[in-house]
Amino acid sequence: MRPTVHSPCWRRLVSACCLLLVGCTSPPAAAPSGPSATALRVPSGALSGPNADGGAARRIPGLGPYTRAQIGPETEQALVVTGKAGASNATAELYTRGRSSRWNSTAGPWQARNAVFGWTGDHRGGDLRSPIGVFRIGDAGGLLPDPGTQLPYDMDDEFDEPGTGFYGESLSGSFDYVVAIDYNRRSGFSPLDKVRPLGLGKGGGVWIHVDHGGPTKGCISLPRQQLRELLQLLDPRRRPVIVMGPEIELRR
C-alpha cells in the first residue's frame with residue numbers, strides 16, 4: 001500500500017506501520033464516491049460459480065476451481081504470483097490463453113517478493129500482508145519513461161521514493177516502473193490515484209514494482225529487468241489479471 005508520496009518509507013521495522021512503501025502504503029487523500037468507484041476483481045462473488053471460466057483455466061498449474069472461477073472468460077493473460085503461507089518470497093509466472101483456449105507459460109518463472117508478514121484474505125491498511133485474490137492489472141506508470149508497454153503509462157516525479165526498507169536497503173528506484181493491482185482502486189486511472197472504493201481501512205496502492213532487496217508492505221516486487229519484460233508483454237486487449245496468494249489458497 002502506498003505511503004504519502006513525498007515521505008520516506010520504513011526506516012526500521014518498528015516504524016513500518018506508519019511509513020510504508022509508496023506502491024504498498026498509506027491512506028489515500030479522499031474516500032470513494034459514486035458508481036464509478038468500483039473495486040478490482042475480488043474472490044467473493046466475482047463470477048457466478050466454480051466453472052464460470054468454462055474450465056479453460058485448469059491448465060494453469062496450481063489453481064483450484066475456486067481460484068479458476070475468478071478468471072473471467074475474457075481474460076487471456078494471467079500473472080500467477082505465489083509462495084508459502086506466511087513467507088515474503090514468491091515466484092511469478094505469466095500465462096497466456098491462445099485460440100485453443102489452453103493456457104501456456106509465456107514468461108518466467110521469476111523470483112518475486114510479497115509483504116513481510118505474508119498473505120491475507122482480508123487485507124487492511126497497515127497489516128503488512130499482501131491481499132489474496134484475482135485482480136485486474138491494466139494501468140502502469142513510474143519515475144522513468146515508458147519502457148514500451150501497451151498499458152496506459154503515467155510518468156511522474158511522485159513515484160520517487162528515497163526511503164529505506166525493512167532490512168535497511170535503499171528504496172531508491174523501487175517505483176521506476178510500476179503496474180497497479182486493482183485492489184481497492186479505480187481501473188483506468190494512474191497508479192497514483194488515491195480514491196479507495198472499499199474505504200480507507202481496506203488499504204490501497206498495491207502495485208507490482210521493482211525489487212529493492214527486501215519484503216514489501218503489501219505489494220509484489222520483481223527484479224527490474226523482469227518487470228520491464230512484463231510491461232512489454234502485457235496487452236490490455238487480453239484483459240490481464242494477477243492471481244496472487246499462497247499456494248494452499250490458490251489450490252482451492
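Computed from heavy atoms alone, side chains included, the values below leave out hydrogens, waters and symmetry copies.
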- Task: State whether the side chain of Thr67 and the backbone N or O of Leu250 hold a donor-acceptor pair below 3.5 Å, judged by distance alone.
- Result: yes

- Backbone of Thr75 reached by a side-chain donor or acceptor of Arg97 within 3.5 Å: yes

Are any of the side-chain heavy atoms of [X] and [Y] separated by less than 4.5 Å?
X      : Y      : answer
Ser221 : Trp207 : no
Arg124 : Lys202 : yes
Phe159 : Asp154 : yes
Leu234 : Gln77  : yes
Val80  : Ile60  : yes

Identify the two heavy atoms, one from [X] and one from [Y], that lie closest to each other, and give their separation to 0.1 Å.
X      : Y      : answer
Trp119 : Ala87  : NE1-O, 4.0 Å
Gly218 : Ser130 : O-OG, 3.0 Å
Arg251 : Pro65  : O-CD, 4.4 Å
Gly141 : Pro191 : N-CG, 4.0 Å
Leu222 : Ala112 : CD2-CB, 3.7 Å
Phe189 : Arg185 : O-NH2, 2.6 Å

- Query: Is Asp176 salt-bridged to Arg224, going by a charged N under 4.0 Å from an acidic O?
  - Reply: yes

- Item | Asp235 with Arg237: basic N within carboxylate O range, under 4.0 Å | yes

- Message: Could you go through Ser174 and Glu161, starting from their C-alpha distance and side-chain angles, then the distance that decides it, and tell me whether this counts as side-chain hydrogen bond (donor to acceptor under 3.5 Å, both in side chains)?
- Response: CA-CA 7 Å; Ser174 297; Glu161 179 45 67; over 6 Å; no

- With no hydrogens and no angle check, do the side chains of Glu247 and Thr82 hold a donor and an acceptor under 3.5 Å apart? no

Roughly how far, to the nearest 0.5 Å, is the [atom2] atom of [Y] from the [atom1] atom of [X]?
X      : Y      : atom1 : atom2 : answer
Ile220 : Asn114 : CD1   : CG    : 5.0 Å
Asp139 : Ile181 : CG    : CD1   : 12.0 Å
Arg102 : Arg59  : CZ    : CZ    : 4.0 Å
Gln111 : Thr91  : CD    : OG1   : 9.5 Å

- Query: For the side-chain contact (heavy atoms from CB on, under 4.5 Å) test, which of Leu233, Leu230, Ile137 pairs with Pro240?
  - Reply: Ile137

- Task: Count the heavy atoms belonging to other residues, nucleotides or ligands that lie under 6.0 Å from CD1 of Ile248, then report whether that count exceeds 12.
- Result: no

- Task: Name the orientation class of the two ring planes belonging to Tyr153 and Tyr177 (parallel below 30°, tilted from 30 to 60°, perpendicular beyond 60°).
- Result: tilted

